[in-house]
Amino acid sequence: MIAVATSATQLERAMRRRRIAKIVLAILLAVIWIPVAIVMLVAGTSDRRR
């Protein structure tokens, strides 16, 4: 019983770490892509105006 409980807590910790890592990756991707998207939109609108 004790061994099962410890493995379960370890699994929970691993899942939390994975979840945190996914969140961090998502934030990093957003930080990288949002300015790129804005620049592309601005470039696209300026090209259309010409």
Those residues that, when tested against I34, pass side-chain contact (heavy atoms from CB on, under 4.5 Å) (two or more places apart): A30, I38

Return the set of residues passing side-chain contact (heavy atoms from CB on, under 4.5 Å) with I27 (not counting sequence neighbours), or none when no residue passes. I23, V31

Residue pairs passing the salt bridge (Lys or Arg N to Asp or Glu O under 4.0 Å) test where at least one lies in residues 28-39, sequence neighbours excluded: none

Taking only distance into account, with no hydrogens and no angle test, what donor-acceptor pairs under 3.5 Å do side-chain atoms of residues 9-17 form with protein atoms, sequence neighbours excluded?
{"residue": "T9", "atom": "OG1", "partner": "A5", "partner atom": "O", "Å": "3.3"}
{"residue": "T9", "atom": "OG1", "partner": "T6", "partner atom": "O", "Å": "2.6"}

When Ile, Leu, Val, Met, Phe, Trp and Tyr are grouped by side-chain heavy atoms lying under 4.5 Å apart, directly or through other members, which residues fall in the same group as W33? L29, V36, M40

Would you mind listing every salt bridge (Lys or Arg N to Asp or Glu O under 4.0 Å) that reaches into residues 22-35, with sequence neighbours excluded? none

